[in-house]
Structures are given as C-alpha cells and as structure tokens.
**Student:** 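First the structure, which I've put down as structure tokens, then a few questions once you've had a look.
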Amino acid sequence: MRELYAFAGRRRMGTFRQVGDRIDFSYVESAGPTPISLSLPRTGPAAPGGARAWLDNLLPARDDVRRRWARERGLPDTEPMTLLASYGDDLPGAVSLSADPDLPWRRAPHAVEAPLPEIATRLAALRNQPTSWLDQRARPRFSLGGHQGKFALRRASGKWFWPTYEHPSTHILRPTTPEEASARIAELGRARSGGIPATRTELVTFGAQAALVAERWDRLGGRRIHAETIRQALGARPGEDIDPGGVRDLLLRLGLAGSPVDDVGRIAFLLAGDRVVVAPRR
C-alpha cells in the first residue's frame, strides 16, 4: 500500500492510499468543512475514480514528460502517487502532497535562486526539447498539468526562485514568440472584458529567450489558495471528454448560473485551458 499525505498550509487534510490500481482518499477529523475537491466530498460518496483523476490532473498530461520525470529521479513507475511523492511540494491549488507525514514541521530548505541566465537556458532547453520542464541541478519539487512545456517559479524581491513547500510559486513561464504572446495576451484581455477572470499574462525576455509569464490564478498575495480545475471538480482524467451538462450542474452548485461564465461559448473557452477557479464556499 502506498500513502500520500495531503496538507493545506500546515493543516493535514487527509491521506491518499493506493492498493493495486485503486486510489482512495480519506479525510482526517481536523480537516475542516471544506473538501479538497467537489469530486471528493467531506460526506457522501466520492466520484467514481475521483481520487485518481484529481491526482492525475496535477501532473503533465504527456506520457513522455512523466517518463522523463520518473527516470531523472530514479522512480520505479509513472503512477500519480509515485510521481507526486517526489514532485508534490508545490502544486496547482492549495494542497501539497508528501510521503512525509511531518512535512509542515521539517527543517525548511534554503530557497534556490533561478538567475536570469539560467532561466534563459531553461527556456531554450524547453523550446528545443518539449520534455525538458525541469532544471535537475535544482531538483525542483513542483508539478503542473497540461500538455504544453512550462515551469513554475517564485518571484520575490525582484528575483526568481524555484518553489518549495515553504515558498509557493507565483508565476508560470513557457517559451513563446512575440507574435504568439501578443495573440494570447489579447485573447485573455477580451475574456476579462467579458467578465471572465482570466490569467494576467505578459511577454518577458530573458536574454534572447522570450517567455509568456502568467501570474498563477491559484495564488493570492504569494499564498496558495483553495482551487481546482473543472476536470478535478468533475472527477475527469486528462484528455477525457467532459459532458457540458456536467459543467452546467457544476455552475449551479457553485452559484454561478446566470453569471458571465454561464454561456456555452465561454464555457468552451474556459474548458480549453481548464482556467476556472473552483473554490467551494466555506
């Protein structure tokens, strides 16, 4: 049996357990009333396969990236529980995952700076090799979902740092071109004008390398906030088709029916990037 402990800040939320192919999640009594996911409620049954789907969506969707991550850490397989035990310090949303039940009380490691030339090198590597998300010299312990190659950093006091459990990432960077960045920034600007809280993004050049730098939608004032994607909320795995009816039911549950996001075209826009913040009410 494998176990992963889930923490929101210093609060222990519960434990993921895997026996064979089955993964389940159980809350501790002190977890509080807010679930880590709408697919994993505090009371009542979880969505079928919801625990595995929730973990799966925290990781890169590409199998070749997962294989590289496992190979570079000497891990035995690419199971979500295995990868997140090694990369789960800084994740989408508020939850961190660790095989160490004492993660919040460990001796905090020193923050590792990512100097501007090293960021340029990382961007160039990622542009040339789409599986090269990480700088293994820093041995970062973050994970991001999706297909596009990218990496997370923390910006503080005018410098960039690799994130840790104690120092959450604040931005996501990926290689781009000025033309691509301009189109993406304009698209997100139109979304905000239409009432959708789209990510604030800018074009930044590190040496000769252009990067699309996005403020994390799941951070507030440098702190992790409780959030999840639509796929996680519905218990859908990466690449799995999503029923628009399920999305509408989700909007009703969140009290968003009739809001600017309650529109088929806008829902499609949001689903394309999983960009909705889903934060259950306390």
Side-chain angles (χ1 to χ4, degrees), residues 1-59 79-81 84-85 88-105 143 145 165 168 217-220 223-238 240-259 261-262 267 270-271 274-282:
M1 180 175 68
R2 302 179 184 180
E3 291 187 330
L4 270 184
Y5 303 98
F7 299 92
R10 286 182 173 270
R11 172 180 285 184
R12 171 93 170 269
M13 298 296 292
T15 305
F16 287 92
R17 293 183 176 87
Q18 181 172 5
V19 178
D21 291 332
R22 182 183 176 89
I23 300 176
D24 294 299
F25 180 75
S26 59
Y27 289 92
V28 296
E29 290 186 7
S30 59
T34 304
I36 67 169
S37 173
L38 294 178
S39 64
L40 302 171
R42 291 285 281 115
T43 58
R52 176 178 284 275
W54 193 85
L55 295 174
D56 221 1
N57 280 287
L58 299 173
L59 289 161
E79 276 285 304
M81 293 276 288
L84 290 168
D89 276 24
D90 188 68
L91 299 169
V95 175
S96 293
L97 297 170
S98 176
D100 180 4
D102 296 321
L103 174 68
W105 301 278
S143 183
Y165 164 73
W217 52 263
D218 51 354
R219 304 290 187 262
L220 184 63
R223 297 180 294 106
R224 299 181 179 98
I225 63 172
H226 189 54
E228 64 177 340
T229 65
I230 286 177
R231 289 188 180 277
Q232 288 176 303
L234 295 176
R237 298 182 67 178
E240 186 178 341
D241 289 340
I242 293 180
D243 178 11
V247 177
R248 290 206 178 279
D249 290 342
L250 177 63
L251 296 178
L252 286 170
R253 291 175 63 189
L254 294 171
L256 294 175
S259 73
V261 300
D262 188 8
I267 290 173
L270 295 163
L271 280 175
D274 272 355
R275 295 185 181 279
V276 168
V277 174
V278 177
R281 297 174 177 176
R282 291 187 179 275

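This structure is a prediction, so every number in the text was calculated from the model and none was measured.
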**Student:** Take R2 and L4, measure what side chain to side chain contact (heavy atoms under 4.5 Å, CB included) needs, and give me the verdict at the end.
**Tutor:** CA-CA 7 Å; R2 302 179 184 180; L4 270 184; over 6 Å; no
**Student:** Using atom types as modelled and distance alone, determine if a side-chain donor or acceptor of R231 lies under 3.5 Å from a backbone N or O of W54.
**Tutor:** no
**Student:** For P80 and D56, work out which heavy atoms get closest and say how close.
**Tutor:**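 Closest approach of P80 to D56: CG-OD1, 3.8 Å.
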**Student:** Considering non-hydrogen atoms only, spot the tightest contact between A51 and F25 and give its length.
**Tutor:** CB-N, 4.2 Å
**Student:** What residues, two or more places apart in sequence or in another chain, satisfy side-chain hydrogen bond (donor to acceptor under 3.5 Å, both in side chains) together with R10?
**Tutor:** none
**Student:** Considering non-hydrogen atoms only, spot the tightest contact between Y165 and S96 and give its length.
**Tutor:** CD1-OG, 3.5 Å
**Student:** Could you pull out all donor-acceptor pairs under 3.5 Å where a side-chain atom in residues 12-21 meets a protein atom, sequence neighbours excluded?
**Tutor:**
from, atom 1, to, atom 2, distance (Å)
R12, NH2, T15, OG1, 3.0
R17, NE, E3, OE2, 2.8
R17, NH1, S26, OG, 2.8
Q18, NE2, G20, O, 2.9
Q18, NE2, E79, OE1, 2.8

**Student:** For L58, does its backbone N or O pair with a side-chain atom of S143 as donor and acceptor, under 3.5 Å?
**Tutor:**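 Yes.
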**Student:** Kindly say whether R22 contributes a backbone atom to a donor-acceptor pair with the side chain of R52 at under 3.5 angstrom?
**Tutor:** no
**Student:** I want to check something: taking the side chain as every heavy atom from C-beta on, are I36 and Y27 in contact at a cut-off of under 4.5 Å?
**Tutor:** yes
**Student:** CD of E228 to CG of L38: how many Å apart, nearest 0.5 Å?
**Tutor:** 5.0 Å
**Student:** Write down the atom of A46, the atom of P41, and the distance for their closest heavy-atom approach.
**Tutor:** CA-CD, 3.9 Å
**Student:** How long is the span from the CG atom in D218 to the OG1 atom in T229, to the nearest 0.5 Å?
**Tutor:** 10.5 Å
**Student:** Assess whether side-chain hydrogen bond (donor to acceptor under 3.5 Å, both in side chains) is satisfied between Q232 and S37, documenting all intermediate values.
**Tutor:** CA-CA 7 Å; Q232 288 176 303; S37 173; over 6 Å; no
**Student:** Write down the atom of L91, the atom of R219, and the distance for their closest heavy-atom approach.
**Tutor:**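 Heavy atoms of L91 and R219 come nearest at O-NH2, 3.1 Å.
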**Student:** Could you report the tightest heavy-atom contact between G9 and P104, atom names first, then the distance?
**Tutor:**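 The answer is O-CG, 4.4 Å.
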**Student:** Quick one: list whatever passes side-chain hydrogen bond (donor to acceptor under 3.5 Å, both in side chains) with D100, sequence neighbours left out.
**Tutor:**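 Here no residue qualifies.
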**Student:** Ignoring hydrogens and geometry, is there a side-chain-to-backbone donor-acceptor pair from H226 to P35 under 3.5 Å?
**Tutor:** yes
